[in-house]
Every structure is written in C-alpha cells, then in structure tokens.
Amino acid sequence: ERAPIYAPLDMALIEGQYYKEEGMTQYALIFETGCIRIILDHVLEPVEKIRNSFAKTISADIDAAQCAGSQTPALVHVKANPSLRIKGGELLGYTTGTRNAHRFDFGVYNAGKKNFLSDYPQYRYNWRYIYADCPYDYYSEAKRKLYYSRFTSLNGRDPVAATFCKKLFSQKEGKTM
C-alpha cells in the first residue's frame, strides 16, 4: 500500500541517490540538521520540488549508469543544488517500500557521537557506520518502547535480541547484551 512520508523536523535536503532496483526507480534522500543526518531510502515518489532539486534528468542518468546486462542496480549520486529547506511535517513523497520485501529505510547519523562500531578498524572508513544512531531514540520514551517491542526476526514472530538499536539502547542504560 502506498504510504506518505513526512519530514520529522526542519531540515535541509543536501544530497541523494537514485537508482533502479527490482524494476522500480528508487531514491535515497539525505537530509541534514545541525550535526544530524537523516537518510530515507526506498522512496518511490518524491514530491516535485525534491525531484527538481537534483540537477540532471533521472531516467537518462539511470539508463547511462546501468551496465549492459548487469543485475547490479545503477546508482546515481547527486547533490541537491542548492540544498532544499524542508519544514517539519512537510510531505516528502510516497513509498510502498521495495517490491519484494516492502521495506523502507530510515537512518539517523549523529556526527556529535560515535557508536560502538568506531572501536572496530574495519568500520572506521565510512561515516555511516561510526555515526549511525538509533532513529527511535529521538522519539518520546513511550513511542521508543513501542517501536522496540515491534522488532522481530525476518520470520516476523521471534523477538530480536541484539538489533543495532537495542545494542545502542543497552549501552546507554549501562546494560550488556
């Protein structure tokens, strides 16, 4: 089912990616507010002002980047030119999620604090690994607990013992997993 996506707070669209995967053009939108970056991936229908903020024609870029006969999605990375100011609550677009899994990604990255992955050399090369933060920690305690209670394994029945968010939550609470 097609679901609307709204901006969680005032922020600026600074860059994004668009690509064709599972036969659908999808967008990863990267926003910034202070030292927080928010990434929304698998957006299928961004609103017109977001599409227009990217400098090039999307379908031509995807076709040009797609390798002949390759099953790997062609990824086109673009800067929003200029960065686009978005108000909290503003409609960003729509998604059904990916075709097969119907998933939608919501990532938060806080440059003001490193997470446990920064202790591992193999992750230090990419800011997405070392500054990843649990997006649900930015909600009220009641809403955060509700989201945590819904984390399950891929079969949808078994609770997940050590998701990234729960690991971060346990570290903040001084617990070990």
Side-chain angles (χ1 to χ4, degrees), residues 1-33 36-110 117 123 125-129 131-136 138-139 143 146-148 150-158 160 163-165:
E1 185 174 320
R2 186 173 176 243
I5 305 164
Y6 295 96
L9 68 158
D10 291 355
M11 54 191 184
L13 175 66
I14 58 167
E15 58 188 288
Q17 299 163 345
Y18 46 93
Y19 52 95
K20 194 170 267 187
E21 185 176 84
E22 299 178 348
M24 303 183 310
T25 299
Q26 300 180 38
Y27 297 77
L29 305 174
I30 303 172
F31 300 90
E32 192 169 75
T33 180
I36 304 287
R37 283 195 175 175
I38 296 170
I39 299 178
L40 303 174
D41 196 3
H42 307 294
V43 177
L44 302 182
E45 302 170 42
V47 294
E48 185 175 358
K49 78 178 198 176
I50 289 177
R51 286 192 318 270
N52 291 343
S53 73
F54 297 128
K56 298 180 180 181
T57 306
I58 292 167
S59 61
D61 284 345
I62 290 174
D63 291 343
Q66 183 71 51
C67 298
S70 172
Q71 297 302 311
T72 304
L75 180 68
V76 179
H77 187 88
V78 291
K79 297 274 186 192
N81 190 14
S83 63
L84 180 64
R85 303 298 306 168
I86 304 287
K87 298 298 268 172
E90 188 174 336
L91 180 66
L92 301 173
Y94 298 90
T95 192
T96 59
T98 59
R99 177 167 282 144
N100 294 327
H102 300 289
R103 69 183 174 96
F104 169 78
D105 297 342
F106 171 39
V108 172
Y109 305 85
N110 186 341
L117 293 175
Y123 296 112
Y125 70 94
N126 189 319
W127 63 266
R128 288 187 186 192
Y129 290 128
Y131 294 114
D133 203 1
C134 183
Y136 309 106
Y138 293 83
Y139 288 98
K143 198 165 267 198
L146 173 67
Y147 282 120
Y148 281 154
R150 294 183 177 188
F151 290 159
T152 61
S153 64
L154 292 177
N155 69 19
R157 294 183 306 273
D158 303 320
V160 175
T163 65
F164 184 77
C165 287

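FYI, the numbering just counts along the sequence from 1. Just the heavy atoms: all of them, side chains too, but no hydrogens, waters or symmetry mates, feed the values below. Quick caveat, the model's predicted, so the values are computed rather than measured.
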Student: Nearest heavy-atom pair of His42 and Thr95: which atoms, and what distance?
Tutor: O-OG1, 2.5 Å

Student: Between Ile86 and Ala7, what is the shortest heavy-atom contact and its length?
Tutor: CG2-CB, 3.6 Å

Student: About how many Å separate CG of Leu146 and OH of Tyr139, when rounded to the nearest 0.5 Å?
Tutor: 11.0 Å

Student: Go through Val43 and Phe104 one step at a time and tell me if the side chain to side chain contact (heavy atoms under 4.5 Å, CB included) criterion holds.
Tutor: CA-CA 7 Å; Val43 177; Phe104 169 78; 3.9 Å; yes

Student: Please check if the number of heavy atoms outside Lys143 that lie under 6.0 Å from its NZ is greater than 12.
Tutor: no

Student: Among Asp10, Leu92, Ile36, Ile14, which residue meets the side chain to side chain contact (heavy atoms under 4.5 Å, CB included) test with Phe31?
Tutor: Leu92

Student: What I'd like to find out is whether the side chain of Leu40 reaches to under 4.5 Å of the side chain of Phe106, using heavy atoms alone.
Tutor: yes

Student: Atom CD in Glu32, atom CD1 in Ile39: separation rounded to 0.5 Å?
Tutor: 10.5 Å

Student: What are the two closest non-hydrogen atoms of Val108 and Pro135, and how far apart are they?
Tutor: CG2-CB, 3.4 Å

Student: Sequence neighbours left out, what passes side chain to side chain donor-acceptor pair (under 3.5 Å) with Tyr138? Give chain and number order.
Tutor: Asn110, Asp133

Student: Any idea which heavy atoms bring Ile38 and Pro8 closest together, and the distance?
Tutor: CD1-CG, 4.1 Å

Student: Search all heavy atoms of Tyr6 against all heavy atoms of Gly89 and return the closest pair with its distance.
Tutor: CD2-O, 3.3 Å

Student: Just verifying a value: how many Å separate Leu84 CG and Glu15 CD, rounded to the nearest 0.5 Å?
Tutor: 14.0 Å

Student: Distance from Tyr109 atom OH to Asn126 atom CG, nearest 0.5 Å?
Tutor: 8.5 Å

Student: So how far is it from Glu21 CD to Asp41 CG, rounded to the nearest 0.5 Å?
Tutor: 8.0 Å

Student: Can you list the residues that meet the salt bridge (Lys or Arg N to Asp or Glu O under 4.0 Å) rule with Arg103, with sequence neighbours excluded?
Tutor: Asp105

Student: Would you name the heavy atoms of Leu91 and Ile5 that are closest together and state the gap between them?
Tutor: CD1-O, 3.5 Å

Student: Just to verify, which of Gln26, Arg2, Arg51 counts as forming a side chain to side chain donor-acceptor pair (under 3.5 Å) with Glu45?
Tutor: Arg2

Student: Can you tell me how far CZ of Arg37 sits from OH of Tyr131, rounded to the nearest 0.5 angstrom?
Tutor: 11.0 Å

